[in-house]
Asker: 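Sharing a structure here in structure tokens format.
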Amino acid sequence: MCGRYTLAVQLDLITDRFLLKRVDAKEMFRFNIAPTQQAPVIYQTDSGRTLTMMRWGLVPFWAKDESIGNKLINARSETLAEKPSFKRSLERKRCIVPADGFYEWKKSTDGKTRTPMRIVVGQGDLFGFAGLWDRWKSPDGGSVESYTIITTEPNKFVSSIHNRMPVILSRDTEAQWLDPEITDPELLTPLLVPYNGEMKAYEVSTSVNSPSNDSPSLIEPIAPELL
DNA sequence: CCAGACGTTGTT
DNA sequence: GTCTGG
DNA sequence: CCAGACGTTGTT
DNA sequence: GTCTGG
């Protein structure tokens with residue numbers, strides 16, 4: 001599944017790649033985005049595609065407190081249309097989560113050790129995860145925007161590393177995913193399929209294990225060869 | 001009817 | 001072992 | 001996802 | 001808010 005990812009690119013590149021109309025975020029380079037942290041998310045507004053910072057871990061609008069978000073960091077594509085926590089966001093609050101890589105921990109055959117791998121698309125291209133978001137009003141009057149990343153079964157490449165993978169939207173389905181006119185789950189879930197383009201993966205340092213680490217060295221290959 | 005949960009991954 | 005926090 | 005805590009009474 | 005279980 002997807003519990004860590006990277007976004008180490010210039011904001012201009014994100015703006016160009018996703019045709020953004022508004023950018024409500026500062027320049028940043030992230031090498032270890034972890035649940036509960038703030039990260040950039042793209043969603044559709046009246047004025048066009050907007051990028052804004054949200055908390056990773058969905059807090060549905062009806063939640064009594066924020067803590068439910070700690071559990072809702074992923075949503076299974078196979079069932080999200082039926083889940084109370086995701087159903088409404090699927091219809092009305094879909095988003096794209098920009099990234100340039102994600103981490104999966106590959107278990108050794110004996111199951112005793114887990115090796116972090118960084119997986120990238122193409123030649124390390126910028127891409128978008130399929131996500132859902134929501135806005136939660138806190139008792140003190142503030143509001144919290146949060147998101148979750150949708151998962152699916154792995155494609156052939158990722159299956160050698162892990163048994164789930166995040167949904168990476170193909171470029172030509174991104175507009176449909178963000179289109180507010182589309183609200184029928186039957187039209188949306190077919191977009192949530194395993195990525196079918198080229199991917200690469202390489203081993204990285206276990207320094208990535210700790211969410212408090214976030215430096216360029218985390219994405220350096222520690223083994224000389226790409227898979 | 002009301003009360004209580006609302007999730008995933010991974011492991012067994 | 002299981003839950004919480006980042 | 002992984003890391004780190006997991007508790008109470010009482011005192012500062 | 002909405003669904004499931006008692």
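Labels below follow one simple rule: chain letters A, B, ... track the order of the sequence lines, proteins then strands, and each chain is numbered from 1.
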Asker: With a 4.0 Å cutoff (strictly under), does any side-chain N or O of A:S210 reach OP1 or OP2 of D:dA3?
Answerer: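 Result: no.
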Asker: Taking the C1' atom of each, how far is D:dG7 from C:dC3, in whole Å?
Answerer: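 About 15 Å, rounded to a whole number of Å.
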Asker: May I have the distance from A:W105 (atom CH2) to D:dC2 (atom P), rounded to whole angstrom?
Answerer: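 Taking CH2 of A:W105 and P of D:dC2, I get 6 Å after rounding.
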Asker: Is there ring stacking between A:W56 and D:dC1, where the centres must be under 5.5 angstrom apart and the planes under 30 degrees?
Answerer: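 Answer is no, no stack.
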Asker: Using whole Å, report how far CD of A:E104 lies from C1' of B:dT8.
Answerer: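 After rounding, the reported distance stands at 13 Å.
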Asker: What is the distance, rounded to the nearest whole Å, between atom CZ of A:F102 and atom C1' of B:dT8?
Answerer: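 From A:F102 CZ to B:dT8 C1': 16 Å.
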Asker: In whole Å, what separates the C1' atom of B:dC2 from that of D:dT9?
Answerer: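 Between the two C1' atoms, the distance is 39 Å.
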Asker: Say you pick atom P in D:dG4 and the same atom in B:dA5; how far apart are they, in whole Å?
Answerer: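 Between the two P atoms, the distance is 30 Å.
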Asker: With a 3.5 Å distance limit and no angle check, can you tell me whether A:N74 reaches the backbone of A:C2 through a side-chain donor-acceptor pair?
Answerer: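 The answer is yes, because a donor-acceptor pair under 3.5 Å joins these two groups.
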Asker: How about A:L58 and A:F86: do any of their side-chain heavy atoms sit closer than 4.5 Å?
Answerer: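 Yes - at least one pair of side-chain heavy atoms lies under 4.5 Å apart.
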Asker: Check A:D214 with A:R4, please: is the shortest side-chain N to carboxylate O separation under 4.0 Å?
Answerer: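 Looking at A:D214 together with A:R4, the answer is no, because their closest N to O distance does not fall below 4.0 Å.
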Asker: Yes or no on salt bridge (Lys or Arg N to Asp or Glu O under 4.0 Å) for A:K106 and A:E104, after CA distance, side-chain angles and deciding distance?
Answerer: CA-CA 6 Å; A:K106 180 174 182 165; A:E104 297 286 5; over 6 Å; no
Asker: Roughly how many Å apart are D:dT11 and C:dT2, using the C1' atom of each and rounding to a whole number?
Answerer: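 That atom pair is separated by 32 Å.
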Asker: Do the side-chain N or O atoms of A:T148 get closer than 4.0 angstrom to the phosphate oxygens (OP1, OP2) of B:dG7?
Answerer: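 No, because none of the side-chain N or O atoms of A:T148 sits under 4.0 Å from OP1 or OP2 of B:dG7.
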Asker: Could you tell me the separation between the CG atom of A:L72 and the C1' atom of B:dT9, rounded to a whole number of Å?
Answerer: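 Rounding to the nearest Å, CG of A:L72 and C1' of B:dT9 are 13 Å apart.
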Asker: If hydrophobic clusters are built from ILVMFWY residues whose side chains come within less than 4.5 Å, do A:M117 and A:F157 share one?
Answerer: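 Yes, A:M117 connects to A:F157 through the hydrophobic network.
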Asker: Phosphate oxygens OP1/OP2 of D:dC1: is one of them under 4.0 Å from a side-chain N or O of A:R164?
Answerer: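 It does not, given that no N or O in the side chain of A:R164 lies less than 4.0 Å from OP1 or OP2 of D:dC1.
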Asker: Could you tell me the separation between the CG atom of A:N163 and the C1' atom of B:dT8, rounded to a whole number of Å?
Answerer: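 So the two atoms are 11 Å apart, to the nearest Å.
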Asker: Dot-bracket for DNA chain B, please. Rules: Watson-Crick or G-U, both distances under 3.5 Å, ( ) within the strand, [ ] when a pair crosses earlier ones, | for another strand, . otherwise.
Answerer: ||||||......
Asker: Please enumerate all protein N or O atoms sitting under 3.5 Å from an N or O of nucleotides 4-6 of chain C, with distances to 0.1 Å.
Answerer:
unit_1: C:dG6; atom_1: N9; unit_2: A:T36; atom_2: OG1; d: 3.2
unit_1: C:dG6; atom_1: N7; unit_2: A:P35; atom_2: O; d: 3.3
unit_1: C:dG6; atom_1: N7; unit_2: A:T36; atom_2: OG1; d: 3.0
unit_1: C:dG6; atom_1: N2; unit_2: A:R4; atom_2: NH2; d: 3.2

Asker: Between atom CZ of A:R30 and atom OG of A:S215, what is the distance when rounded to the nearest 0.5 Å?
Answerer: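 The CZ atom of A:R30 sits 11.5 Å away from the OG atom of A:S215.
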Asker: In whole angstrom, give the distance that lies between atom CZ of A:R30 and atom P of D:dC1.
Answerer: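 Nearest whole value for this atom pair: 19 Å.
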Asker: Within less than 4.0 Å of OP1 or OP2 of B:dT8, is there a side-chain N or O belonging to A:T79?
Answerer: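 Yes, A:T79 has a side-chain N/O under 4.0 Å of OP1/OP2 on B:dT8.
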Asker: Return the value, rounded to whole Å, for the distance between atom CD of A:E78 and atom P of B:dT8.
Answerer: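 In whole Å, B:dT8 P lies 9 Å from A:E78 CD.
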Asker: Is A:R17 paired with A:E174 through a side-chain N to carboxylate O contact shorter than 4.0 Å?
Answerer: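 Looking at A:R17 together with A:E174, the answer is yes, because their closest N to O distance falls below 4.0 Å.
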Asker: I'd like the C1' distance from E:dG5 over to B:dT8, given in whole Å.
Answerer: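 It comes out at 22 Å once rounded to the nearest Å.
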Asker: Identify whether any heavy atom of A:R114 sits under 4.0 Å from a base atom; if not, whether one sits that close to sugar-phosphate; answer base, sugar-phosphate or nothing.
Answerer: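 Contact class for A:R114: sugar-phosphate only.
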Asker: Describe the nucleic acid contact of A:A75 in one word from base, sugar-phosphate, nothing, applying a heavy-atom distance below 4.0 Å.
Answerer: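 Contact class for A:A75: sugar-phosphate only.
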Asker: Are A:R164 and A:E78 within salt-bridge range, i.e. N to O under 4.0 Å?
Answerer: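 The answer is yes: the pair qualifies as a salt bridge.
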Asker: In whole Å, I'd like the distance from the CG atom of A:L90 to the P atom of B:dG7.
Answerer: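 A:L90 atom CG is separated from B:dG7 atom P by 13 Å.
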Asker: For A:F86, answer base if it contacts any base atom (sugar-phosphate contacts may also be present), sugar-phosphate if it contacts only those atoms, and nothing otherwise; contact means non-hydrogen atoms under 4.0 Å.
Answerer: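 It contacts sugar-phosphate atoms only.
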Asker: Find the distance between CD1 (A:I68) and OG (A:S85) and round it off to the nearest 0.5 Å.
Answerer: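 Going from the CD1 atom of A:I68 to the OG atom of A:S85 covers 5.0 Å.
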Asker: Is a donor on one side and an acceptor on the other found under 3.5 Å between the side chain of A:T173 and the backbone of A:L169?
Answerer: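 Absent.
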Asker: As a quick check of understanding, evaluate side chain to side chain donor-acceptor pair (under 3.5 Å) for A:D100 and A:T6, giving each step before the final call.
Answerer: CA-CA 6 Å; A:D100 71 342; A:T6 61; 2.6 Å; yes
